[in-house]
> 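Starting off with a structure, shown below.
To find a chain, count down the sequence lines: A is the first, B the second, and so on, and within it residues start at 1.
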Amino acid sequence: GQGAEQTGNEEAGEDIVVTDGLGREITLSQPAERILTSYGIATHMVFALGAQDKIVGYDSPSRNNAFFNKLMPELSNIPTPGSPAEFNLEEAMALDPDLILVPGRNMELVENLEEKGLTVFGVVAEDLEQLKDSMLNLGKALGREETAQEFVNYYENTLQKVKERTENIAEEDRPVVYLVGPMGLLSTCSSEMYQHHLIRLAGGENAGGELTGGWVEVSPEHLIEWNPDLIFVVQYTADTSPESIMEDERLQGIKAVMNKQVFWFPSTLNPWDYPSPQAVLGLYWAASKIQPDLFNDLDMQAEADQFFQKFYGKTYTELGGTLD
Amino acid sequence: MGGSDFYFYSLFVDIKFTFIKYETISITVHISKEMMKKTISNLPLQVKGVNFSYGKKNVLRNITFSVPHASICGLLGPNGSGKTTLLGCISGIKKLESGSIFLHGKAVQMMTRKEIAREVSVVPQQTGFIFPFKVLDMVLMGKAPVKEIWETPSLADREEALGVLERLGIRELSGRTFQQISGGEKQMVLIARSLLQNTDIMLLDEPTSHLDMKNQILILDLIKKVSYENRITVLMTLHDPNLALHYCDQIILLKNGQIMSQGNTSEVMQSQKLSNVYGIEVELGITSKGTRVVVPSCWR
Amino acid sequence: MGGSDFYFYSLFVDIKFTFIKYETISITVHISKEMMKKTISNLPLQVKGVNFSYGKKNVLRNITFSVPHASICGLLGPNGSGKTTLLGCISGIKKLESGSIFLHGKAVQMMTRKEIAREVSVVPQQTGFIFPFKVLDMVLMGKAPVKEIWETPSLADREEALGVLERLGIRELSGRTFQQISGGEKQMVLIARSLLQNTDIMLLDEPTSHLDMKNQILILDLIKKVSYENRITVLMTLHDPNLALHYCDQIILLKNGQIMSQGNTSEVMQSQKLSNVYGIEVELGITSKGTRVVVPSCWR
Amino acid sequence: MSIGVGLYSLPMEVIFELVSCKLTNRAVPSELFSPSVVFWSVRLPRAIMALLVGAVLALAGTVFQGVFRNPLVSPDILGVSAGAGFGAGLAIILVGRSALAVQSMAFIFGLAAVVAAYQIGRRSRSDSVTVLVLAGVIVTAIFTAGLSFLKYVADPYEQLPAIVFWTMGGFSDIVWKDVYWTLPVFIAGTAVLFFLRWRLDLLSLGDEEALTLGVDVKKMRVLYISASTLIVASSISTCGTIGWVGLVMPHMARLIVGPNHQFLISFASVLGAIFMLIIDTLARTISSGEIPISIMTSVIGAPFLAYLLLRQEESNF
Amino acid sequence: MSIGVGLYSLPMEVIFELVSCKLTNRAVPSELFSPSVVFWSVRLPRAIMALLVGAVLALAGTVFQGVFRNPLVSPDILGVSAGAGFGAGLAIILVGRSALAVQSMAFIFGLAAVVAAYQIGRRSRSDSVTVLVLAGVIVTAIFTAGLSFLKYVADPYEQLPAIVFWTMGGFSDIVWKDVYWTLPVFIAGTAVLFFLRWRLDLLSLGDEEALTLGVDVKKMRVLYISASTLIVASSISTCGTIGWVGLVMPHMARLIVGPNHQFLISFASVLGAIFMLIIDTLARTISSGEIPISIMTSVIGAPFLAYLLLRQEESNF
Ligand SMILES: Nc1ncnc2c1ncn2[C@@H]1O[C@H](COP(=O)(O)OP(=O)(O)OP(=O)(O)O)[C@@H](O)[C@H]1O
Ligand SMILES: Nc1ncnc2c1ncn2[C@@H]1O[C@H](COP(=O)(O)OP(=O)(O)OP(=O)(O)O)[C@@H](O)[C@H]1O
Ligand SMILES: [Mg+2]
Ligand SMILES: [Mg+2]
């Protein structure tokens, strides 16, 4: 890694200037060829941009990710110098990356890396807008502008379509959705979470909408009182499954259980319920479950296959993904 | 002698049991069996060829003695001669290096803690506590050996404990915490506990230390009375030869972990023997009023 | 009297200082000032009208006495009479309820801990420890009062400490841990520490308890010698009146927190007075060889 | 009573009606179906569990402080929490999400950790309680490291949250099944400790003195540790690690009734049970989400302990 | 030496070259630019910090165990970690991510917690160390609850992760600035404790006996606690909470050189420093992806402690 300043003087005209999630301008003399990500979402973005062959190091939690490994079997031989929590500076430097993708919220790490003369891109993608921005900028930095643009277009189309149909649903017509979060049956998303907005966007009402914080613990009493019409269970939850919910004696009086409206939130490959490049499919899926009448034209399986084919080169089905 | 038969029987059972479970130590048991033939008797306390070491430091060497029934035996000797250690061996706290100790003919090594505690009560030389127990609670602990493991002291036990405190003249301390009484009062409480334990054998490690003259006499008179009336055997260490002279029936003189002399008080308490053991000139005198006293010659 | 001037001066300074800082207690100080006019003297230890209570329990009542320079004063009394408490008051551990205590004319209440510890060393009645310190380290702690806060004992101090142990005949214990020595040996070590502290005033709480006859005599002889040679004032509690008789110049008899009698040993050690204090008949006798002894009458 | 309060309002007459339905074996009227579920299946088992866990943790803490003669000891000093956490993690990774497997593994490893600590302590030349405690520190460290390692290798989306969830204590998910499975263990362990309560006084005197009073120190120590560990392990394996109660309740109880274990044991249990029920009731009532039990224990318990400390008439320490 | 090892390979001759460049004030050859950064800005400050933190934690732990006469005491018993965590959380929420603000707030609240604990302890009628420790338990509980509350109200995407990062200890983020700001505090505190080391022997005898030996027990206790707290707070505020070392190193040291604080203090510091450096070197070398420091301390430290325990010739407890 040569410091950015050194190359800056040579041929200023060809410099690539991108803005990262923190609003910082980053200048590259040429598209980054050796990238290091320390953040799962960023790794996802790199895959969605088809730039995974540029990865020289990635975040350790992604190491066991079956989806990544299927797309790129040699990934397991690439070092993992860090996670959002722990970052091995030395190993990162030893890998000599052109660009390091880190979670934008870890300001200290960003500063620290820059001090060492490394080029850092802070990824902030807590909602779909930020996701689009990040994809565009990252696409530019990685020399994948076209893919990024395609991606953004797809996103905007989808969003547009969903919004049109759900925007004007009256509050009382919105089914109450309870989303089972990572800590098991009794954890759900607060109004500050992406998942809350996703449910709203898909035409539902988040059961935990009046809560604040991140993932919040509630008691079974809440659940019974809220009496949700649908229950979504995220893939990465603990100790809970739609089957166990259907069997839970405490929940037998709940509409969702009585009407058998309890589902895994797809997908079996990667969760679609948080802001990652595949999140848009999650929106589609949720909308089709929450407002089946409005989205009866949607073939979720086909949509997913198409999306995966376009951005990952293989269909969702080919990769082994299912929708329940 | 019914008593002796009973002991023989119980020993026999013990030995059979031992053969089954611990085959490797059967030889030791054999030897004891030989010895028992002779030693099975009503003698309450017999110590035979006991050796003990702390690490490499040899502290007791071939200690052999026995204390007759219902007698008071004084254990005298210089500091560090091994008195406390010997008492520890008898009460089974310290594991012997060799030799054996018999309580009423039963080997201490083969008795459970509870069996030992029903035979022997101990007044320790020193104590240290974490929790601020009440004096009465401390004394009541003397009832532990005769209780089943799940029992707690009854009201009758409380009455009995208060009675013992009364006898020692410290009943008014019963509600105080053990940490908040004076040194001598602590000593009295420990003795009260030992009395409540009500065993056939009492071991007392310097029972009169920290006690004032009156309490010393009170305690020793009481022990003498208890020993006589209840047929209790007492072995106690003392540093004051005058007390030994006036209260003990038997004396054992210990020095450097060896018994220098033992026998009836009048035989052992002779100036030559005492001088030898303590390493200072000691003389036995008699006051004009006829009280026998032991005094160091240097006080003349 | 240069010494007295010096003390007067230092008191004056103290009082002025006191006025400035603690205006509220100036009255107390005034009274002391009055008293001081008379009491400022070379008397090493003066106790004036001391009262002390544990909670509501009154333990010391109007205790007033003084100990002359380089003399040995025995503090005798039954268990729980307040001896240990009185020593605690003198060494400044216990806060007085009223009255005052002067060390060489300086009020204990106004001295820092370090100043007190340079004047007074204490051999406690009981100790309890957490860490297994070596005997030599225990003894060396006696050097703390004369060291600056950041200093550690020097090699010379070690030599001195070993010398003291030598004098007490326990040099070979120096490398052992304090937990692993006998009761009497512990007592010797605490006395050694107090000797190393080398103060003008020594307070000893039952220094002879747990000691054998030889060591009792060794210690008391040594204290007597030290007191004489180094002009050291000693106040010690004792339970054995014979020791008091033979080693003390002065005696104070305490009962129920009150002084019953005080004065020269020969004046105080009279059978009537002792019988009164202890509540048993005591008689003073003399052996055929001419040694004076105190014995309870019941031993006759 | 605590079962009346909660987010789902259950007026007393409704509870009355529900109980009388149960007693007379009448069918619940359909409009009371939800209240019935809330009352019988949610609130009651939860309240019972809170009472039980509070009691056993306080009890075990008291016993441990007595056995170790150290006021800073809490029931998990010998590694039971760390062991249980590791066991649960192992079960989640190897077996999957079966609650039974997770609970049993947690239980077994909780016990295993204590056995390991005891074995290390026993093998040391100086067989003191301090050594035993240090052995506990060792075992705790190893199992904690093991759990961290499990987290490290766990699938970050499926297993990791499950592990994290498990380690956080709480009563929100308690169902009758949990009560049924822990109750026998609780009763057995508590009964043992209750019956042995007086010997704890003796044991806390110190080894030598206890020996001369006929207490088989080693055997009793093993008994106390086993019984306490059993109930703590079973509590942890159903409700996760609930700190603080086991350490602090014994002190509160001691400040009130003194150190005599004869009374202390029972009093500490009752105090612990009441405390835990109050805490849990507040935790599920006060705010719209569940407040973690650990926050509540501290917020309520800390000032109470401070009050007791500052109020105490005579030194209890 | 540890600075030679690491994932970024720095052969000895390179280090040599780099040092000689520095000494002679030569410009670094351009091909050594990266190694130079790794050496001077990454590895060196980190190694130095690990040494320092290991030393001060072990030192503070030894002092606390002596002052409290309890082998289970660790330097954060009076609440310094909890306070620092709360302070850091508050800074993150109120001020933002400025490292200076976070570190200073952590430091200040760490000290404040200890002061609070001391004040509670002092106001109790029985002014014993146990009461002080319980006061510490109270303060710890309150600040921990406070931190949980802060986490609860924190923005889940920005502030919460920042708080969580902060509370996990580690050296991976250490830069020279951290060394500069902690060093004076470390030196001052360590010097005080080193000079007062002998008095710790006296204090550990018990209050009354220490008093008669001329030790102003209360004053000394405040001094020891202040100096230790200062260095621990400053360590925590830069490197987060690093558990275990402060509790266990004193025992290891005591098992090796005995309880005499005159030697123990220095030995424990050195042992702690070496231990921490080894741990940190391993942590950053062994795996790709940092192994959390807490795993390493346990994995290396626990067996070592077990070895010492089992090996000890005579009882040290
Ligand atoms: N910490 C305490 N709290 C309350 N009362 C106490 C405390 N220490 C001692 N006492 C009581 O104060 C009285 C005097 O005690 P002190 O220890 O001074 O007696 P003493 O003369 O030294 O007795 P001994 O000869 O037995 O050592 C006793 O009645 C004792 O019970
Ligand atoms: N725990 C121990 N470890 C090693 N040596 C010990 C231990 N306890 C005592 N000793 C040594 O063993 C010897 C005998 O000690 P013991 O306590 O039996 O003496 P004692 O006759 O009771 O003396 P005292 O009259 O002083 O109480 C002494 O030399 C002592 O130093
Ligand atoms: Mg002895
Ligand atoms: Mg006394």
Side-chain angles (χ1 to χ4, degrees), chain C residues 55 84 87-88 90-95 111-134 136-154 157-158 175-180 190 193-194 196-197 199 202-203 205, chain E residues 62 65-73 125-127 129-130 191-221 223-224 227 250-251 253-255 257-266 312-317:
Chain C
T84 301
L87 294 188
I90 295 171
S91 64
I93 293 175
K94 309 237 139 106
K95 295 279 154 276
M111 292 165 77
T112 66
R113 292 290 348 149
K114 201 160 185 173
E115 282 168 355
I116 297 174
R118 282 180 186 169
E119 294 283 352
V120 180
S121 63
V122 179
V123 174
Q125 192 169 7
Q126 294 176 320
T127 45
F129 298 97
I130 302 289
F131 296 115
F133 290 121
K134 296 264 180 284
L136 183 61
D137 292 330
M138 285 289 296
V139 175
L140 275 170
M141 294 186 191
K143 276 288 171 194
V146 296
K147 296 279 170 185
E148 292 301 330
I149 205 166
W150 61 83
E151 277 182 306
T152 56
S154 63
D157 295 329
R158 295 185 95 79
R176 303 263 294 279
T177 57
F178 192 77
Q179 269 85 341
Q180 297 185 337
L190 293 181
R193 185 176 72 189
S194 167
L196 192 72
Q197 205 172 331
T199 52
M202 284 177 84
L203 305 180
D205 203 352
Chain E
T62 311
Q65 291 179 5
V67 169
F68 288 96
R69 286 175 229 124
N70 190 320
L72 288 187
V73 159
R125 217 155 302 193
S126 73
D127 187 17
V129 280
T130 308
V192 168
L193 295 176
F194 178 77
F195 279 120
L196 300 182
R197 67 195 186 282
W198 185 41
R199 304 281 146 157
L200 207 49
D201 277 0
L202 289 132
L203 208 62
S204 67
L205 289 184
D207 285 6
E208 295 224 336
E209 218 164 323
L211 283 174
T212 65
L213 288 168
V215 178
D216 190 334
V217 172
K218 286 202 187 166
K219 197 182 85 188
M220 290 307 284
R221 207 183 278 155
L223 257 176
Y224 286 121
H251 289 287
R254 214 175 285 122
L255 283 165
V257 299
N260 187 334
H261 290 98
Q262 236 183 103
F263 313 113
L264 187 61
I265 285 282
S266 332
Q312 64 171 330
E313 276 301 312
E314 39 178 296
S315 164
N316 274 302
F317 297 103

> Side chain from CB out, backbone as N, CA, C, O: work out which of these in C:I116 comes under 4.5 Å of a heavy atom of chain E, or both, or neither.
neither
> Heavy atoms only, distances under 4.5 angstrom: which of C:T199, C:V146, C:T112, C:V122 has the most pairs with chain E? Name it, please.
C:V122
> Are any of the side-chain heavy atoms of E:F195 and C:E151 separated by less than 4.5 Å?
no
> Side chains of C:K134 and E:P259: does their closest heavy-atom pair fall under 4.5 Å?
no
> Identify which part of C:K143 has an atom lying under 4.5 Å from any heavy atom of chain E, answering side chain, backbone, both or neither.
both
> Would you say E:L213 and C:Q197 make side-chain contact, with heavy atoms under 4.5 Å?
yes
> Is any side-chain heavy atom of C:R113 less than 4.5 Å from a side-chain heavy atom of E:V215?
no
> Just wondering, do C:M141 and E:L205 contact through their side chains at under 4.5 Å, heavy atoms?
yes
> At a heavy-atom separation under 4.5 Å, does C:S91 approach chain E through its side chain, its backbone, both, or neither?
side chain
> Evaluate the side-chain contact (heavy atoms from CB on, under 4.5 Å) criterion for residues E:R197 and C:T152: first the C-alpha distance (whole Å), next the side-chain angles of each, then the deciding distance (0.1 Å), finally the verdict.
CA-CA 8 Å; E:R197 67 195 186 282; C:T152 56; 3.7 Å; yes
> Does the side chain of E:E208 reach to within under 4.5 Å of the side chain of C:K94, using non-hydrogen atoms?
yes
> How far does OG1 of E:T212 sit from CD1 of C:I90, to the nearest 0.5 angstrom?
13.5 Å
> Any side-chain to backbone donor/acceptor pair from E:R199 onto C:A144? Under 3.5 Å, distance only.
yes
> Roughly how far apart are E:L202 CG and C:F133 CZ, rounded to 0.5 Å?
8.0 Å
> Does the side chain of C:D137 reach to within under 4.5 Å of the side chain of E:H261, using non-hydrogen atoms?
no
> What option among E:L223, E:V192, E:N260 has the most heavy-atom pairs under 4.5 Å with chain C?
E:N260
> Please flag which part of C:E115 lies under 4.5 Å from any non-hydrogen atom of chain E: side chain, backbone, both or neither.
neither
> I need the minimum non-hydrogen distance between C:L140 and E:W198, along with the two atoms involved.
O-CZ2, 3.4 Å
